[in-house]
4 protein chains.
Amino acid sequence: MRTDPGSSELTFTEVARRRQITAAAIETVAELGYGKASFAQIAKRAGLSSPGLISYHFANKDELISQVVAEIYATGAEVIHPRTDGAETAGAQLRAYVAGSIAFYDSHRSHMRALMQILNGHPQARERWFDRPNSAELDGLTEVLTEGQRTGEFRDFPPRTVATIVRDLLSGALLRLLGTPDLDVQEYTRELVALCQSAVHGGCAVEGNTA
Amino acid sequence: MRTDPGSSELTFTEVARRRQITAAAIETVAELGYGKASFAQIAKRAGLSSPGLISYHFANKDELISQVVAEIYATGAEVIHPRTDGAETAGAQLRAYVAGSIAFYDSHRSHMRALMQILNGHPQARERWFDRPNSAELDGLTEVLTEGQRTGEFRDFPPRTVATIVRDLLSGALLRLLGTPDLDVQEYTRELVALCQSAVHGGCAVEGNTA
Amino acid sequence: MRTDPGSSELTFTEVARRRQITAAAIETVAELGYGKASFAQIAKRAGLSSPGLISYHFANKDELISQVVAEIYATGAEVIHPRTDGAETAGAQLRAYVAGSIAFYDSHRSHMRALMQILNGHPQARERWFDRPNSAELDGLTEVLTEGQRTGEFRDFPPRTVATIVRDLLSGALLRLLGTPDLDVQEYTRELVALCQSAVHGGCAVEGNTA
Amino acid sequence: MRTDPGSSELTFTEVARRRQITAAAIETVAELGYGKASFAQIAKRAGLSSPGLISYHFANKDELISQVVAEIYATGAEVIHPRTDGAETAGAQLRAYVAGSIAFYDSHRSHMRALMQILNGHPQARERWFDRPNSAELDGLTEVLTEGQRTGEFRDFPPRTVATIVRDLLSGALLRLLGTPDLDVQEYTRELVALCQSAVHGGCAVEGNTA
DNA sequence: CATGAATGAGCGTTCATTCAT
DNA sequence: CATGAATGAACGCTCATTCAT
């Protein structure tokens, strides 16, 4: 039984096995939902001989799900950060963040579906895995909005609340994407970015579009 | 031996019991998620002596969940319709719809949490209970936007896409509400309504606010 | 609760209800088998409002089944006895018995199917309801055979054993009838009677046929 | 996680456990009937710690019952075939078949009782497990009778119908055997074989006896 | 390291039976 | 007399987890 899973004592094989299982778990949760994603189903998709092998590599189901969440967050950061880092003005950063998020959701639907299933299906998902990164993301977004107001680029509004709304409108977009596979993502993104801009700018000018 | 549950032949006691069980089911699903909301848990919360009693009153779990969904939708309609019906201009209707929806989400968090849990946890939830009302709601919203454009009240935009975005931003607001119990709902609503208005109006004038 | 079901204190309505329930039970057991013939199913077929009503009229399931068995045996006796009583020689009696039994099985398949289901499905069916009438029937048949031997009509054989075989060959015929709905009963009966005759007569003469 | 129960990939232990469970199932079904032969009862008789273990080794109850039926048929074939294969004339084959069948029934009463219970208790027993072998057996028997007629060994009669009757008289014998534990099997067999012979031969000569 | 057998709790559901009305 | 609501045990089955090999 693995008692110190966070340490670096993990064998090379060990790491590979954990990755393999994590990937299969994402696939399984996305497909069947958290409730029906049993070790047996995950093992089947991972090509493992027995559900017991998962228990061998992960202390319990929660540890596996932790790993799944971490993996998904890491992938998301890898995709979105480069896009926002390249932007110079606050407006450009906002556009990059919104458009980049949706692009990530679109290109990683299974990951995001799994994430949503865990968030809704796991009893303590929120406090254990979501609250911290969410508020961190909200902080970053608030900072961008405040900066935009400081430079006079954005009009006056309560930055935390608007940051929350922008963050939430991405949540809404994700739900839409997962529920409407044939959504016209390009048009959706264009209008959503326009909406964000008209919300933060004094006038309603739409200057550019990164979609 | 309930064989004709849809008919109006239901006894008074029967109706009361079904209501009691439905209410307990909402509470349970909201708290534990769809997957862990077993008959045993629901019975416990309803003060019933046995899970078997639920099976006595509902043909199977799906029938119970159907009733739960129907109950929640009915409650929502009761709350929101009066607010939108009172509005005369398209803009006022849009404001009433957005503010009314959030007010309902706020005052019925358990109901909405249960609804989300069912949507995510039940294998055929979408096709069985959500797709139809969702697209109906989208149709209604699109109609309002189109009407606003016809009267010149709204600027030019693809009405279906914007309707979708408005609908989704309410989904996002719901997720926020469920995840942030101490949210300042009044401010959130005010800014969200403002955002919607700046999105649909030619200028960014904010004329009134129903929050 | 009925505590003295055998007495004559039974109301007229009571008797009618018991008959109605018994008939429905026969139908149900024949259709679903003893194991699946629940009070709920029987009540449905009898047009009763509740399974509880059966418990009200019968002390328990065993008492109902007792009644069912008694009813079926009574019906059988009513049909077969007249046929054998009319026969004068031992050979004619034997033919009447065999042909009459099969005719009864044929015309009362549901009854006989129910009887078989009970015999096989009920834990103590044999000792409680079948052993006594079976050995009585065997006695009667043995008597006929012995009489036939006394008069020189039949050849020499161990009468009890042959009686048993004749009785069993009817059991086999019943199984066949129940499992082969489109059996040519007439031909089957003719050959079976012929077989019985060739078995008991010194020569193999086939004198007549009552099929 | 047994997903491919028909393949030969079964472990040694697996095979042993399945045999053990199958044997316990035969015993249980014979004793309690199909309807009352629950996994709990079977597990108790097999000395297993939990009914869940049966579900581990068999996909569902039907698969277990299939195995039980297959096992019983295989055992029967093993016992009876050698006896009939040794016979040369049609008459000898018929005698060997009848006497051999009864000998098998006699020495494997629990097996046969279980088989009868399944046939009567399982909703689709007939079509799934019995119809095919039954009609195959009938075909074989018909062929023997026809051959006997071709060589002039047997008298003229409708071979299919008589084959059916012979087959049914064995069914009747089985029922007798199961219901009368202290039956004098030897005498019963002798008379039954005699009866069969007098039925098929032109004269009533009884040439030999294999009982 | 990996396997597969085993465990026991829990699932939704059906059942015969009881009992207040 | 009849009803329908209620009960609690049992059903077949799945689950995460354990452990000897």
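Residue numbering restarts at 1 for every chain, and letters A, B, ... go by the order of the sequence lines. As a basis for the values below, the full set of heavy atoms in this structure was taken, side chains included, without hydrogen atoms, waters or symmetry mates.
- Straight-line distance from the NZ atom of D:K44 to the P atom of F:dA10: 10 Å, rounded to whole Å.
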Pairing pattern in dot-bracket form [Watson-Crick, G-U; both distances under 3.5 Å; | = partner strand] for DNA chain E:
.||||||||||||||||||||
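- Annotation: of the two residues near DNA chain F, A:G35 and D:D62, the 5′-most nearest-nucleotide partner is D:D62.
- Here the C1' atom of nucleotide E:dG4 and the CZ atom of D:F58 are 16 Å apart, to the nearest Å.
- Note: CD1 (A:I54) to C1' (F:dT18) measures 15 Å, nearest angstrom.
- Here C:R45 pairs with C:E31 under the salt bridge (charged side-chain N to carboxylate O under 4.0 Å, His left out) rule; sequence neighbours left out.
- Between B:R17 and B:L53, some side-chain heavy-atom pair lies under the 4.5 Å cut-off.
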Give every donor-acceptor pair under 3.5 Å between a side-chain atom in residues 124-132 of chain A and any protein atom, sequence neighbours left out.
unit_1: A:R128; atom_1: NH1; unit_2: A:D62; atom_2: OD2; d: 2.5
unit_1: A:W129; atom_1: NE1; unit_2: A:S66; atom_2: OG; d: 2.8

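- Spacing between atom OH of B:Y34 and atom C1' of E:dG12 amounts to 10 Å, rounded to whole angstrom units.
- For A:Y34, the ring pair (Phe, Tyr, Trp, His ring centres under 6.0 Å) test picks out A:H122, with sequence neighbours left out.
- Nearest approach of D:M112 to D:I72, heavy atoms of both residues: SD-CG2, 4.4 Å.
- Straight-line distance from the CD1 atom of D:I21 to the C1' atom of E:dA5: 11 Å, rounded to whole Å.
- Protein atom CZ of D:R18 is 15 Å distant from nucleotide atom C1' of E:dG4, rounded to whole Å.
- Between B:F58 and B:T22 the shortest side-chain heavy-atom distance falls below 4.5 Å.
- Taking CD from D:Q20 and NE2 from D:H57, the interatomic distance works out to 8.5 Å, rounded to the nearest 0.5 Å.
- C:A37 is linked by a side chain to side chain contact (heavy atoms under 4.5 Å, CB included) to C:T28, C:V29, counting only residues two or more places apart in sequence or in another chain.
- Judged purely by atom type and a 3.5 angstrom limit, A:Q41 has no side-chain atom pairing as donor or acceptor with the backbone of A:K36.
- Summarising the geometry, the separation between CD on D:E63 and C1' on F:dG12 is reported as 14 Å, rounded to the nearest angstrom.
- Between B:E14 atom CD and F:dA5 atom P there is a gap of 5 Å when expressed in whole angstrom units.
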What does the B/S/- profile of nucleotides 6-11 of chain E look like, 5' to 3', with a 4.0 Å heavy-atom cutoff to protein?
BSB--S
